Each structure stands twice: as structure tokens, then as C-alpha cells.
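Order of the sequence lines fixes the chain letters, A, B, ..., with proteins taken first and strands second; residue numbering starts at 1 for each chain. Please read all numbers here as calculations on a predicted model, not as lab measurements.
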2 protein chains.
Amino acid sequence: MTDPVAQKFRPQQVTRPRDQVEQQIREAILTGQFAQGEKLPAETELAQQFGVSRPTVREALGALVSAGLIRKSPGVAGGSFVNVVTPDSLSQMLKESMDTILRLGALDVGELTSVRRMLEVPAAEWAAKNRQDSHLDTLQAIVQKQRDTTINDPAIPSYDLAFHTTIGHASGNRLLAAFIAAVHDSTHPAQYLEVTEEVGRRTVKQHMAILRAIESGEAETARDAMASHLDYVLQYSLGIVRSE
Amino acid sequence: MTDPVAQKFRPQQVTRPRDQVEQQIREAILTGQFAQGEKLPAETELAQQFGVSRPTVREALGALVSAGLIRKSPGVAGGSFVNVVTPDSLSQMLKESMDTILRLGALDVGELTSVRRMLEVPAAEWAAKNRQDSHLDTLQAIVQKQRDTTINDPAIPSYDLAFHTTIGHASGNRLLAAFIAAVHDSTHPAQYLEVTEEVGRRTVKQHMAILRAIESGEAETARDAMASHLDYVLQYSLGIVRSE
DNA sequence: GATCAAACAATTGTCGTACAGATATCATAC
DNA sequence: GTATGATATCTGTACGACAATTGTTTGATC
């Protein structure tokens, strides 16, 4: 009675209870069975539904927290809530991963800055094409703050980060924006060691040039302005790294 | 007796035992106190050292496993081992995150392909400059397989992935390679729906052109060849997506 | 009746312990 | 010498209990 076309007996790899629970909840979230922001059942209830113990449920939930899919809070109104997942969370996670790999020496700042250039130059070009008023307002406000600030303002690096990430958003490509934010943030430490007054002023001027090009929609000009700005800044920060 | 320069009393936010354990172990790994591949003490021993219970240690270790810093295995010779962290692990994590964000609709394939183009075109250029024999051998082997294969070979997409990621590695930029692998992999599902024979043959031809340019070190040629290849492939795959 | 403080309740966080499952090593039998 | 089985040791799972956290409700007080 052996069917020649019969499927070969292929035992399915046994899966641990903890993994099954994690997979089922993850799938339920991804398929929208739990809406974003919705509260999952309490741990004891989940344990009962799955027929496992509470520690097992907790381990599964912990993995989902690490993955950024849910968040937990204690207290009577607490519980596990489905996170609103955006490219921002990807950016956050990416930044953390890159930081650890940097610290472990499996990556150097030169590689980071090269990629940064590949991303930010096209971003400026796209931003000039797709810009919207809200982004222009934000960029103008940032540049204004940079002009007003003094050399000792500890917020200088955050202005720079805001300028570049806003251009990322203005490009209209959410993935590009997330990558730029993450990569920019990871190059930060090397960058704001000792910003001299001269460097600060030139940076602001370059930012203004980029902003003008984006405002007037001149894509090529914006691209070139960003390229020379990055050439200036990155060469400068690499110089610092090398001279340590 | 109040010192005018005295630090304001800033209570340090209390941290949960679980977080303290996680932070300490993470820091010990990042500072090299545990070498890569080394085995951490057993859970019971860690619990004793930290003065907490074993479940608490387990939750901390679980978070580190999710972060990719360690791996665990049961059995007598098992335990928690420090992972060898490479840009490959970043690539893996990035791919997973992008896949979930894609499924949740906070990203579309068009954004993905744009970024892919930004990364792969410069990668080809760099690969032509920094190429090494090992990468050339790999690329030649892949292209050879692509020429030999038939239209129904289920491994076709994996050849394509291998070709493009190898170029990423050949660029000499490990972060770039990781990004390319992740982004390419996430665009995959859209791409290998119904690859017609015609498309398959043109793709292989374009791959050969790119490989020739890289072999001979013609950076501009390689860049242009990659650009037109991606224009062809991505427009084609986007067409499929749209026509669904 | 309004306001504020204290008790309450629900949920997660931590603990202790026990046992089951997995797996490399070692001893034993053939 | 090889294969089989016992063993030791680690992680995985379980159960039950208590502590910590925090929104809600209730009660006392003015």
C-alpha cells in the first residue's frame, strides 16, 4: 500500500513550550489579532490559556519586549501592551547594535562614515524634491538655534543630529530616515570632541546652504552642498580619531 | 555649611535586580572580561554571586540572548557562551526588524528598493577598487551556477542574494555589506515571484557585466553596470507588486 | 458636600525549590 | 575496539508564595 508519490516521513522538529508561546503571541500581534496599543491578557491568564506555567509565559513575553513588539508595566492598570512599531524603533535598535559592534572592534568609524555619506547625500537630493512645509519649519528652527548658540552649549551635537535626521524624514523615505538617524548617532562620539569655534561657524554656514537649496527645490545643489558638508565634517572627525 | 558649588542631591533611579544583573554582565562582555566564545558561570553560580534567585538571572540572560550577545545550550557541557559578534549578526537582526515593520505596514517595498540602490551602486564601485581574489573566485562560481541552472531551480533567489552580498563584502566595508545583505533579503519575497526565463537570462548577463568590470578594476563601469542592473530588476519587481 | 489620605485590588517582579529534559563523558559489556 | 547504557551536570519548566507598584475606591475630616 506504499504510495510511490507519498511524502517522506519528515518529523517536525520539536519546539520548546517557551518558543511556541512566543511564536503564537508574535504571530497574533503581526496579524493584527491584537491591535496596536492593546493590552494583552495578564500573565496568569495567558499561562492558563496556553497550559504552561507563568515563568514560561514570562520568558516568552520578555523576548517580545526585547524585540520591541510589546512593553510591560506593573501596577493595577499595568500589563503587556502592544507597541506601536515605527521605523523609529528600528532606528533605535540599529543604533544599539552598531554601538556594541563598534565597541567590540568589529567595525570602525571609517566604515560608518562612508555609509553615512552614501545615505545622506541622496537624502538631501530627495528632500529637495519632496520637501513639505513642516520639515522646512523644523529645519529653519534648528538652524536658527545653531546661529544663536554659543560654543559651550552642550546641546550642539543634538542640533546637528536633529538637522540631519530631519533631512532624512524630509526625503519621504522612512527607511532612509531610520538608517540616517542610527548611523549619524553612532558616529557622534567621535564628532563632538572639541568643536572649535571655527568649525562650528563653518558647519552652520554649510547647513544654511543645504537648507536654502532644499527650500528652493534645487535637488542637485542640495546634493552637492550636502556632499561637501560631509566631506568637511567627516574628514575633520576622522582626523580627530586618528590623532588620538 | 552649604557649599554653593555643591552638587544638587540627585537620587539615582532605583534599578530592578534583573536590570542590574543584565547591565553588569553586558558590561563585562563588552569590556572583554569575558572573552568571545568563553563560557559564563552556570546560572546557579551567577545567582549566588549576584545574591539573587536563579529566575532573575535567567531573565537577564534571556535578554542578552535576544540581544545576540550570548547563546545558551543545555546539557552537561552546556551553559551560556559569549557570542562572536560580527556585522553578520547585525545583518540578521536588521533583516528581522525590517520584516516585521514591513508586515505591519509602516514601510513599503518602494522605500526599501530606493535604499537598496543607494547602497549597492557605490558598493560595486568600491568592490572594483578593493576587490580581492577570494571574492572574485566566489563571484565567478556564483555566476557559473546561474548560467548552468534551469528556470525551475528553487535556489535561484539564493544565487542572486549571494551575488549581491558578495559584492558588499568585496567593497571592504563591513557595515555596508551587512546593510546590503539585510535590505536585499527583505526585498526578496517581491522579487522571485515568477521569474520568467527572459528575465533570468538578462539578469545573468547583467551580473556578468558587473563581474567583468569588477575584475578589471573599472570602478565607473562597475557602478554604471550595477545601476542599470538594479533599474531593470527593481522596476520589474515593483511592477509585480503593483500588478497584484 | 468637597477634599485629601489611607486602605484596597490587580498586575508585574522576585524568590525558593523541585523536577524534567538534554547532552557530553565515562564505564561497561560484547 | 566498538557500541551501548549509566551518569553527572547543566539548562528548561513547573508551582507556589510574597514583595513592589500603581490606579481606584472608600472613608474620614473639615
Side-chain angles (χ1 to χ4, degrees), chain A residues 11-26 28-29 33-84, chain B residues 11-26 28-29 33-84:
Chain A
Q12 194 175 18
Q13 192 74 352
V14 300
T15 55
R16 312 274 170 280
R18 178 240 145 105
D19 294 329
Q20 293 184 42
V21 173
E22 181 185 338
Q23 265 314 104
Q24 284 194 44
I25 298 180
R26 161 173 264 134
I29 293 175
Q33 293 175 49
F34 290 115
Q36 299 206 334
E38 191 178 341
K39 179 176 167 303
L40 301 182
E43 293 179 353
T44 52
E45 198 172 337
L46 283 173
Q48 205 173 0
Q49 291 179 9
F50 282 109
V52 298
S53 72
R54 210 184 126 212
T56 303
V57 171
R58 281 185 61 78
E59 295 224 358
L61 291 179
L64 294 177
V65 169
S66 292
L69 275 177
I70 64 173
R71 67 180 179 283
K72 298 169 73 171
S73 61
V76 54
S80 307
F81 298 88
V82 179
N83 261 339
V84 179
Chain B
Q12 195 175 18
Q13 192 75 353
V14 300
T15 55
R16 313 272 169 282
R18 179 239 144 107
D19 294 329
Q20 292 183 40
V21 173
E22 181 186 338
Q23 264 313 105
Q24 284 193 45
I25 298 179
R26 161 172 264 133
I29 292 174
Q33 293 176 49
F34 290 115
Q36 299 205 333
E38 190 178 343
K39 179 176 167 304
L40 301 183
E43 293 179 353
T44 52
E45 198 173 336
L46 283 174
Q48 205 172 0
Q49 291 179 10
F50 282 109
V52 297
S53 73
R54 207 185 129 210
T56 302
V57 170
R58 280 185 62 78
E59 295 225 356
L61 291 179
L64 294 177
V65 169
S66 292
L69 275 177
I70 64 173
R71 67 179 180 284
K72 298 169 72 171
S73 62
V76 54
S80 306
F81 298 89
V82 179
N83 261 338
V84 178

ask   = Quick one: what's the B/S/- string for nucleotides 5-13 of chain D, heavy-atom cutoff under 4.0 Å, read 5' to 3'?
value = ---BBBBBB

Show me the side-chain donor-acceptor pairs of residues 53-65 of chain A shorter than 3.5 Å, one per line, residues at least two apart or across chains.
from	atom 1	to	atom 2	distance (Å)
Ser53(A)	OG	Thr56(A)	OG1	3.3
Arg54(A)	NE	Glu43(A)	OE1	2.9
Arg54(A)	NH2	Glu43(A)	OE1	3.1
Arg58(A)	NE	Glu59(B)	OE2	3.0
Arg58(A)	NH1	Glu43(A)	OE1	3.2
Arg58(A)	NH1	Glu43(A)	OE2	3.0
Arg58(A)	NH2	Glu59(B)	OE2	3.2
Glu59(A)	OE1	Arg18(A)	NH1	3.3
Glu59(A)	OE2	Arg58(B)	NE	3.1
Glu59(A)	OE2	Arg58(B)	NH2	3.2

query = In chain order, what residues pass the side chain to side chain donor-acceptor pair (under 3.5 Å) check against Gln36(A), with sequence neighbours excluded?
reply = none

key: Under the side-chain contact (heavy atoms from CB on, under 4.5 Å) test, residues paired with Gln33(B) that sit two or more places apart   = Ala28(B), Thr31(B)

Please tabulate, one pair per line, all N/O donor-acceptor pairs under 3.5 Å involving side-chain atoms of residues 73-81 of chain B, not counting sequence neighbours.
none

request  = Would you mind reading off the distance between Arg71(A) atom CZ and dT11(C) atom C1', rounded to a whole angstrom?
outcome  = 15 Å

message = Gln48(A): which residues meet the side chain to side chain donor-acceptor pair (under 3.5 Å) condition with it, sequence neighbours left out?
response = none

